[in-house]
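Note sheet for the following structure.
Below, each value reflects all heavy atoms present in this structure, side chains not excepted, and no hydrogens, waters or symmetry copies. Since we're looking at a predicted model, the values are computed, not measured. Just so you know, ligand 1 is whichever comes first in the structure, and atom 1 is the first atom listed for that ligand.
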Amino acid sequence: MTEAIPHLESYDESTLDRSFAILADEVAAETAALSDPEAFRLAWLGRKQGRLKLISDAWLKSAPPEARKPLGIRFNQLKQQIEAALDSAVPAAAGKPVQQGIDITLPGTVRAPGIPHPLLKTMQEIVSVFHHLGYSTSTGPQVETDFYNFEALNFPPNHPARDTQDTLVIAGQQTRPARERLLMRTHTSPVQIRTMIAQPPPLRIVIPGKVHRNDAADATHSPIFHQVEGLCVDTNITFSDLKGTLDHAMKALFGTSVKTRFFPSFFPFTEPSADVQISCIFCNGKGCRKCKHSGWIELLGCGMVDPAVFAAVDAQRAEPAYDPARISGFAFGMGVERIAMMQHGISDIGQFYSGDMRFLEQFA
Ligand code: DAH
């Protein structure tokens, strides 16, 4: 700068504009190359020799009354420009590299990347065990019809077996035919039916998903929970295949020392049906509180696909493909929450849904 401030020739607006524009350009140029904010501050705002003080002395004090307002407005704009430049400048503290007012030595904003929910993790683990055996994944809707959820799975209307799955039904369906009425699926088994109607055998599928029941929440129950279903249909599929497959899956999930045993049970869509128990993973089968001193823990349901299910499927297919004289299959279904609780020693199912980060972060 050759002189501290330009000489003001007159107080008309265009002269004021021109004179202040010169000053604004200087502020802008100095801001762009600002290496010493304190020197910049002193040069413009210094109380004795700062240029604003000089402008105030030379221009404002001798201004005619009608010029005070236009002069004052421009003066304030210039002052704001200088202050804004100082605000965005970070003082050049000892030795810190400053780039355009940003201190690049400060730690960045840390964003937690997020982790899979423990239930999803367990669900994925189960699915992956079966993917390694050549199964693929099928999914279906959570809002299901009575036909897929019950009727085709050999639960006839009003059959007492329906009482085992206290069902949440969608309101306002009374005028529809019974099999078309909508409900929240109570298990993932309806996806067996959907897949078999869509595809002929051979079939090896796992079905992970959310299911709903009208159950009161307690430490081991939730009205919304998750299951993984499995279905294998081909020629010559036997109960031995079912046992071998599930024994392998339980060892893959809980460790190779785990034993399995099969107990007779009942499900309408399998015949024979079985409950699978594994040797207690907490006491290695010796007997403890967790296994009620039996050494065994019941974990899932399974069985050979009932011929009535194949018949219901073929009745819906353009070309029948599920003749029980030629093909057979097995199915199984397990609760994801129950398995995740066993894996991690969790005693309250509600923890999965509470959204408490202190709980969830343990699974990162
Ligand atoms: N759908 C049954 C339930 O939710 C579980 C189940 C049992 C599935 C046996 C199966 C099976 O595929 O064969 O209680």
Side-chain angles (χ1 to χ4, degrees), residues 123 126-127 129-130 133 135 137-142 144 146-155 159-168 183-197 201 203-215 220-234 237-247 249-250 260-278 298-310 312-313 322 324 328-339 349:
M123 193 145 93
I126 300 168
V127 163
V129 167
F130 289 96
L133 295 174
Y135 286 59
T137 297
S138 269
T139 53
Q142 289 177 47
E144 197 40 288
D146 185 283
F147 174 75
Y148 288 107
N149 196 83
F150 288 125
E151 207 180 314
L153 286 162
N154 202 25
F155 294 77
H159 193 280
R162 290 186 177 216
D163 296 348
T164 61
Q165 305 192 355
D166 202 349
T167 311
L168 294 159
L183 44 84
M184 301 308 292
R185 70 175 177 195
T186 55
H187 50 177
T188 41
S189 306
V191 188
Q192 288 187 24
I193 306 296
R194 288 182 173 274
T195 311
M196 285 193 280
I197 291 174
L203 211 66
R204 282 168 180 73
I205 51 162
V206 266
I207 305 153
K210 214 184 272 296
V211 302
H212 300 69
R213 293 192 194 174
N214 186 20
D215 285 340
T220 55
H221 293 84
S222 157
I224 304 176
F225 61 105
H226 301 80
Q227 289 185 335
V228 174
E229 183 93 9
L231 176 69
C232 167
V233 184
D234 204 337
I237 298 292
T238 66
F239 201 89
S240 295
D241 296 315
L242 168 60
K243 285 183 79 174
T245 303
L246 289 181
D247 186 69
M250 293 303 112
T260 50
R261 66 179 190 181
F262 291 68
F263 263 61
S265 182
F266 173 78
F267 300 100
F269 41 92
T270 44
E271 182 60 37
S273 304
D275 283 329
V276 182
Q277 302 181 347
I278 64 167
E298 198 172 300
L299 212 54
L300 68 149
C302 66
M304 301 305 291
V305 179
D306 194 304
V309 172
F310 287 142
V313 165
Y322 288 86
S328 55
F330 64 75
F332 53 87
M334 57 191 104
V336 178
E337 277 79 351
R338 189 156 158 69
I339 291 177
I349 198 172

## Note on the structure
For atom 5 (C) of ligand 1, the closest protein heavy atom turns out to be Gly333 CA, 4.2 Å
### Message
Does Arg204 qualify as a cation-pi partner of Phe130, given the criterion of NZ or CZ under 6.0 Å from the six-membered ring centre and within 45 degrees of its axis?
### Response
no
#### Entry: Side chain, backbone, both or neither: the part of Phe269 lying under 4.0 Å from ligand 1 by heavy atom
side chain
### Plane angle bin for His187 and Phe155 - parallel if under 30°, tilted between 30 and 60°, otherwise perpendicular
perpendicular
### Query
Does ligand 1 have an atom under 4.0 Å from some heavy atom of Met334?
no
### Query
Which heavy-atom pair separates Ala331 from Leu231 by the least distance, and what is that distance?
CB-CD1, 4.2 Å
### Glu337 side chain to His226 backbone, donor-acceptor under 3.5 Å
yes
### Query
Strictly under 4.0 Å, does any heavy atom of Arg213 approach an atom of ligand 1?
yes
### Query
Any idea which part of Cys302 is under 4.0 Å from ligand 1, heavy-atom wise: side chain, backbone, both or neither?
backbone
### Message
Any nitrogen or oxygen of Thr186, side chain or backbone, less than 3.5 Å from one on ligand 1?
### Response
no
### Taking atom 12 (O) of ligand 1 as the reference point, the nearest protein heavy atom with its distance
Glu229 OE2, 2.6 Å
### Message
Tell me whether Arg338 is salt-bridged to Glu298, with the criterion being a basic N under 4.0 Å from an acidic carboxylate O.
### Response
no
### Query
Is a side-chain N or O of Arg213 found less than 3.5 angstrom from the main chain of Thr186, in a donor-acceptor match?
yes
